[in-house]
> 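Just passing along the structure, written as structure tokens.
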There are 2 protein chains.
Amino acid sequence: MTQRDDFNALTTSATLADVARAAGVGESTASRVLRGKGAVSERTRAKVQAAADKLAYVPNRLAGNLASTGSNLVGIIIPSLTNIVFPDFLRGANQVLEAHGHQSVIAVSEYEAEREERLIASVLSWRPAGLILVGLDHTEGAKALLRASGTRLVEVYDTDGVGLDRLVGFSNRQAGAVAARHLIGRGYRRIGYVGHRIHLDIRAVKRFEGFEGALREAGLSVVAQEIGTGTSSVEAGREGLKRLLAQGIEIDACYFSNDDMALGGYFHCLSHGIQIPNQLAIFGHNGLDLARFAPQPLSSIRTPRAAMGEVAARMVLGQEQAKLIDIGFELLEGGTT
Amino acid sequence: MTQRDDFNALTTSATLADVARAAGVGESTASRVLRGKGAVSERTRAKVQAAADKLAYVPNRLAGNLASTGSNLVGIIIPSLTNIVFPDFLRGANQVLEAHGHQSVIAVSEYEAEREERLIASVLSWRPAGLILVGLDHTEGAKALLRASGTRLVEVYDTDGVGLDRLVGFSNRQAGAVAARHLIGRGYRRIGYVGHRIHLDIRAVKRFEGFEGALREAGLSVVAQEIGTGTSSVEAGREGLKRLLAQGIEIDACYFSNDDMALGGYFHCLSHGIQIPNQLAIFGHNGLDLARFAPQPLSSIRTPRAAMGEVAARMVLGQEQAKLIDIGFELLEGGTT
DNA sequence: TCAGGAATTGGCAGCGCTGCCAAACTCTGC
DNA sequence: GCAGAGTTTGGCAGCGCTGCCAATTCCTGA
């Protein structure tokens, strides 16, 4: 198994002028043919196309977009790639964008607002057709940049607040409340919570707030909680529930900051012979596919991530009238509650 | 909750010339300050910086890169976003690229070679600094494009074959063989296989080939198999194992095309009271975190996806001498075999 | 004080493409 | 055969920036 060495031989790629010369036409004619716009006779069209093929011409969009002011790039800045939910979102967005000839520039903020601001500046320097951000919380500097740029902006994942331009998502607060009411409705009264590095994941905080609020309305409260210091993961959920139970406070149900965490809790119970849901009920958030096919499907809130990506993409392309779309969520009454 | 309307007011963003004028210096001086290269006196530096800040200047990289020929974009084309392994890879790559001031343009081929070719052309039109592709199998047209472009190319995930330029990955064939030898070593003899839409996932095919080869060396063979028609998922794995067992052929171990599938199989066994590993052993591929924290950690092959992303990024930036790096994999002797 | 060299600075020609406009065709119908 | 209207074509000025080179200013030390 050896690698070849003749790749990357000096190559200067052909320009539009090269194609035009080879086809014996003017630059603008060649341009018209290759972009498929403007009237061109069939005969010249064929000539130009042949020349382009022969030269393996790849248009230079740097030049094209500079000349026509405005690119077909769409920037997408997500908080993380470790949790499948953002790739799910990307998939939906990307599908629509690609179908409309747009390309995504993706950046990852790691849940840090300052980093997000830097990334926004970086992405804006490509003069994108639009920008998609997750959540409503951005630095003042970021907001100023966005406003000054005039780029179409779509914020996603969170409708608990006011967005800057367009917005598609769901209410995390309500999702938390729905989770709480579900548990209450099933008769659970001593409810615990296991969360992850919560100070950074603002939406998880909002869910918890909504959860607590609904408990309070029912005269209840979270009787024990355990907040991890790292990102969410199956491991963190498993550890979290273990520590929560070690507190010695009796609970009959546990709400987790998301499905990864909840699955960890579920695994902990399986390992330790804790009966689900009789001894302990488990509730997550996101409705991950993988948790739906556990022996007992995880009770959770299904968030339409890919659909949200599609809507966000359509919004960013200016194909949606509404400035605000609440895409909702769905209660999954699984077998763990 | 209402959306504001004053966003996207007509804004023409400031140009370098605007900044230069506002600072009372020449364009090239302003350019030097803002790029931080070239000697500039502290006094003018401050003036220019102040002007840029005041105007909320965001450089236009379309123009910048056009002028300097060559962008700081790196194209990454992956087969899919539904399986966490590619986001894992992206995360590693993205981290290194961002640290070096590069931006990733990401596209998804859905395992279709023709689509990959289109995406390559599309990405090349941005004159990226480099390109990362998954696997070694590309259309002739794609290869021609890549060769003609002279862009630095890194192929990843597969060393069972010869790459076009740079290459980092591991041998899927060997991974399959290691899995087989592990099962054989543990005494399993009647081995089944559950796979997914295998004609598209060439690397899964290679793993299976390696697996079968190692069985053959031991005088064994796969006694029953079930290949799904869709993409890999927990559900497909669960269904697959169910159908496999329904065939009525007795097996004592099952190899799955990856961990998602294997986890599905694991869940099936839990649901149906099949003792693992006594009645049935389960082996996956990828070493997903979430499967490591199941009651019985899934036996699997851990692939260093994020590390591979980092190496690929370094290669694409020209920071690696080697043209070929086998990054290996690790046998995870879990509790399911 | 002044030559000589270093440190700064500005001007301007492109990078490859698109958009506009005028020029050159082609076709009508009379 | 020709005006008039349509269809096709080519020329060229930018888009906003960088890279080069020349011009200017600022220091040296003698």
Side-chain angles (χ1 to χ4, degrees), chain A residues 11-49 51-52 55-73 101 122 124-129 149-150, chain B residues 11-49 51-52 55-73 101 122 124-129 149-150:
Chain A
T11 33
T12 320
S13 46
T15 70
L16 184 63
D18 295 334
V19 174
R21 204 174 312 116
V25 301
E27 266 188 77
S28 16
T29 303
S31 171
R32 273 186 287 260
V33 171
L34 295 170
R35 278 182 298 156
K37 58 182 293 190
V40 187
S41 75
E42 177 49 32
R43 203 165 141 277
T44 43
R45 208 201 58 72
K47 266 196 310 189
V48 171
Q49 194 58 62
L55 296 174
Y57 173 70
V58 174
N60 184 333
R61 277 211 256 249
L62 295 173
N65 285 324
L66 178 60
S68 61
T69 56
S71 80
N72 70 338
L73 288 176
S122 175
L124 283 180
S125 72
W126 290 103
R127 298 295 185 268
S149 75
Chain B
T11 32
T12 320
S13 46
T15 70
L16 184 63
D18 295 332
V19 173
R21 205 174 311 116
V25 302
E27 267 188 75
S28 15
T29 303
S31 171
R32 273 185 288 257
V33 170
L34 295 171
R35 279 181 298 156
K37 58 182 292 189
V40 186
S41 75
E42 178 49 31
R43 201 163 143 277
T44 44
R45 208 200 59 71
K47 267 196 308 190
V48 171
Q49 194 58 60
L55 296 174
Y57 173 70
V58 175
N60 183 332
R61 275 210 258 250
L62 295 172
N65 285 324
L66 178 60
S68 60
T69 57
S71 79
N72 71 337
L73 288 176
S122 175
L124 283 179
S125 72
W126 289 103
R127 298 295 186 267
S149 75

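For clarity, every value in this text was computed on a predicted model and none was experimentally measured. The sequence lines fix the lettering, A, B, ..., with proteins before strands; numbering per chain opens at 1.
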> May I ask you to verify if any side-chain N or O of A:Y57 is less than 4.0 angstrom from the OP1 or OP2 atom of C:dG16?
no
> Considering residues at least two apart in sequence or located in another chain, which fulfil the side-chain hydrogen bond (donor to acceptor under 3.5 Å, both in side chains) criterion with A:S71?
none
> Figure out the NZ/C1' separation between A:K37 and C:dC20, and round it to whole Å.
12 Å
> Let me test you: for the helix from C:dT1-D:dA30 to C:dC30-D:dG1, what is the angle between the axes at its two ends (five pairs each), rounded to 10 degrees?
30°
> Sugar-phosphate means primed atoms, P, OP1 and OP2; the rest is base. With that split, encode nucleotides 8-14 of chain D 5' to 3' as B, S or - using protein heavy atoms under 4.0 Å.
SBBB--B
> Rounded to the nearest 0.5 Å, how far apart are CG of B:L34 and OH of B:Y57?
6.0 Å
> Can you check the A:R61 CZ to C:dG16 P distance for me, whole Å?
17 Å
> Just by distance, do the side chain of A:N72 and the backbone of A:G101 share a donor-acceptor pair under 3.5 Å?
yes
> Do A:L66 and A:R127 have side-chain heavy atoms sitting under 4.5 Å apart?
no
> CZ of B:R35 versus C1' of D:dG19: gap in Å, rounded?
8 Å
> Starting from C1' on C:dG19, measure out to CG on A:L16 and report it in whole angstrom.
13 Å
> OP1 or OP2 of C:dT8 sitting under 4.0 Å from any side-chain N/O of B:R43?
no
> Please state how far atom CG in B:N65 lies from atom P in D:dC15, giving the value in whole angstrom units.
19 Å
> How many whole angstroms separate atom CG of B:N60 from atom P of C:dC17?
17 Å
> Whole angstrom is fine here: how far is it from CG in A:L34 over to P in C:dG16?
16 Å
> Could you grab the distance from atom CG of B:L124 to atom CZ of A:R61, nearest 0.5 Å is fine?
10.0 Å
> Nearest-Å distance, CG (B:L66) to C1' (C:dT18)?
12 Å
> By the definition side chain to side chain contact (heavy atoms under 4.5 Å, CB included), identify the one residue from B:L55, B:V33, B:V25 that meets it with B:V19.
B:L55
> Starting at OG of A:S28, measure out to CZ of A:R35 and round the result to the nearest 0.5 Å.
9.5 Å
> Let me confirm one number: the CZ-CG distance from A:R21 to A:D18, rounded to the nearest 0.5 Å.
5.0 Å
> CD of B:E27 to OG1 of B:T15: how many Å apart, nearest 0.5 Å?
7.0 Å
